[in-house]
Amino acid sequence: MQDKASFQLRFCGSAVEDGGMDVAQLAPALLSIGNLIKIANTEINGRESAVSIKIEAFKKGSFGIDFAVFTNGVHSVLKFFGSAEMSGAMNLLTTLGIVGGIGLIPLIRWIEGRRIRSVRENDETATFTLENGETKEVKRNVLVLYRNVDVRQGLEDSLSVPLTNKGIDSIEISNDIEETIVIGKNESEFFRAPELESSELDESIYEVWVQPINVAFKENNKWRFSDGQFTFYASMSDKTFMDKVNDDLAIAAGDMFKVKIKRTQRESAQGLSTDYEVLHVLEHRQAGKQLPLPMEK
């Protein structure tokens with residue numbers, strides 16, 4: 001059974017007074033809204049739930065979007081804070097804050113970029129407490145969306161970015177149930193996606209023979225090495241060795257170094273990254289093709 005809920009999005013300002021809008025501004029906003037709804041639906045209803053977004057009509061200075069949610073081919077009926085039953089599509093809009101006043105968008109507007117002291121959650125709800133002691137209770141799924149990096153990026157692309165365009169002063173979100181939400185240009189910063197701090201996943205220190213490919217003489221520049229299997233960049237932290245390099249230590253193609261390396265893996269919004277740091281150069285073996293013999297000492 002098809003489950004449907006509708007809302008309208010209106011761009012306001014001098015850029016749309018004549019009923020038109022630059023396609024370079026409109027197209028990315030439309031795509032971002034569609035992606036935002038799809039990501040939120042997957043987070044709330046799971047990967048097996050499908051959602052489609054259809055544009056019903058373009059109106060003067062605005063356009064309406066119609067979308068439907070399908071969950072395993074069965075009409076989804078949910079409850080929101082003990083209220084009357086609502087469809088899965090309406091629940092999705094309510095959790096995002098497009099409908100109702102206790103979803104993600106109203107939560108971000110309430111926070112206003114202020115520091116969050118704590119978040120307390122249980123099976124049904126989550127309570128945000130700000131540094132000044134103000135609190136706000138939301139449905140737990142709102143917290144789930146608030147913490148989702150892709151959802152927050154979708155909000156930035158859908159709301160914050162369009163508001164930075166010249167001639168767009170506000171964005172209005174309306175439906176047939178609730179009052180219209182008006183987001184002004186001064187609120188655009190609130191909807192910017194926060195940067196995900198990198199977290200360290202693993203650190204290891206080991207010794208290995210390497211060959212230099214590129215040598216960096218400037219401080220803080222990275223060297224490029226090969227261990228015979230793959231190449232990598234590494235910072236050089238051995239000050240004693242660098243002093244020798246700066247004193248014209250001869251380094252030729254084919255030279256090998258036995259080094260103690262620290263490898264650190266981190267996770268960030270951009271994904272997995274690996275950093276290498278040469279802690280000590282233990283041995284420098286110059287290139288040569290002399291045959292090894294059992295020489296007497």
Below 4.5 Å, heavy atoms only, C-beta onward: do [X] and [Y] meet side chain to side chain?
| X | Y | value |
| --- | --- | --- |
| Thr264 | Glu277 | no |
| Leu130 | Trp110 | yes |
| Ile251 | Phe257 | yes |
| Asn35 | Asp157 | no |
| Ile116 | Thr129 | no |
| Arg263 | Asp202 | yes |
| Val208 | Val259 | yes |

Check the pair Val278 / Val210 against side chain to side chain contact (heavy atoms under 4.5 Å, CB included), numbers first and verdict last. CA-CA 11 Å; Val278 175; Val210 296; over 6 Å; no

Between Phe128 and Tyr146, does the ring centre distance come in under 6.0 Å?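 They qualify: ring centres under 6.0 Å apart.
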
Checking the side chain of [X] only, and the main-chain atoms of [Y] only, is there a donor and an acceptor separated by less than 3.5 Å?
| X | Y | value |
| --- | --- | --- |
| Ser32 | Gly154 | no |
| Arg114 | Ile111 | yes |
| Asn148 | Val151 | yes |
| Asn141 | Val144 | no |
| Lys185 | Asn165 | yes |
| Lys258 | Glu207 | no |
| Asn41 | Ile37 | no |
| Asp238 | Val281 | yes |

Which pair of non-hydrogen atoms, one from [X] and one from [Y], has the smallest distance, and what is that distance?
| X | Y | value |
| --- | --- | --- |
| Ser188 | Leu163 | CB-CB, 3.8 Å |
| Glu200 | Arg266 | CA-CG, 4.2 Å |
| Ser226 | Gly228 | OG-N, 3.1 Å |
| Phe190 | Arg152 | O-NH2, 4.5 Å |
| Ser14 | Asp169 | N-OD2, 4.2 Å |
| Lys166 | Ala15 | O-CB, 3.8 Å |

Verify the neighbour count for atom [atom1] of [X]: are there more than 12 heavy atoms of other residues, nucleotides or ligands below 6.0 Å?
| X | atom1 | answer |
| --- | --- | --- |
| Arg117 | CZ | yes |
| Lys260 | NZ | no |
| Arg147 | CZ | no |
| Lys38 | NZ | no |

Do Glu124 and Arg140 meet the salt-bridge criterion of a basic N to acidic O distance under 4.0 Å?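 No.
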
Does a salt bridge link Glu187 with Arg109, judged by any charged N lying under 4.0 Å from a carboxylate O?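 Salt bridge flag = yes for Arg109 with Glu187.
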
Run the numbers on Ile261 and Phe225 for side chain to side chain contact (heavy atoms under 4.5 Å, CB included), then give the verdict. CA-CA 12 Å; Ile261 282 184; Phe225 294 102; 5.8 Å; no

Do Asn132 and Glu134 pair up side chain to side chain, a donor and an acceptor below 3.5 Å, judged on atom types alone?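 Looking only at side-chain atoms, Glu134 and Asn132 do form a donor-acceptor pair, the distance falling under 3.5 Å.
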
Any donor-acceptor N or O pair under 3.5 Å, side chains Thr180, Glu172: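 No pair is found: no donor N or O on one side chain lies under 3.5 Å from an acceptor on the other.
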
Is there a continuous path of hydrophobic side-chain contacts, each under 4.5 Å between heavy atoms, that joins [X] to [Y]?
| X | Y | value |
| --- | --- | --- |
| Met236 | Val215 | yes |
| Leu30 | Ile168 | yes |
| Val119 | Ile108 | yes |
| Leu279 | Met256 | no |

Nearest 0.5 angstrom please: [X] [atom1] to [Y] [atom2], how far?
| X | Y | atom1 | atom2 | result |
| --- | --- | --- | --- | --- |
| Glu203 | Asp275 | CD | CG | 10.5 Å |
| Ile181 | Ser170 | CD1 | OG | 13.0 Å |
| Leu155 | Leu96 | CG | CG | 7.0 Å |
| Ile33 | Ile98 | CD1 | CD1 | 8.0 Å |
| Asn221 | Ser235 | CG | OG | 11.0 Å |
| Arg285 | Asp255 | CZ | CG | 11.0 Å |

Under the criterion side chain to side chain contact (heavy atoms under 4.5 Å, CB included), I'd like the reasoning laid out for Thr95 against Glu43: C-alpha separation, chi angles, the key distance, then a yes or no. CA-CA 11 Å; Thr95 306; Glu43 187 68 60; over 6 Å; no

Plane angle bin for Phe230 and Phe232 - parallel if under 30°, tilted between 30 and 60°, otherwise perpendicular: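 Rings of Phe232 and Phe230: tilted, as their planes differ by 30° to 60°.
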
Assign the ring pair Trp223 / Phe241 to parallel, tilted or perpendicular, where the plane angle (0 to 90°) is split at 30° and 60°.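 Rings of Trp223 and Phe241: tilted, 30 to 60°.
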
The test is side chain to side chain contact (heavy atoms under 4.5 Å, CB included); show your working for Glu156 and Phe191 and say whether it passes. CA-CA 5 Å; Glu156 176 179 329; Phe191 291 95; 5.6 Å; no

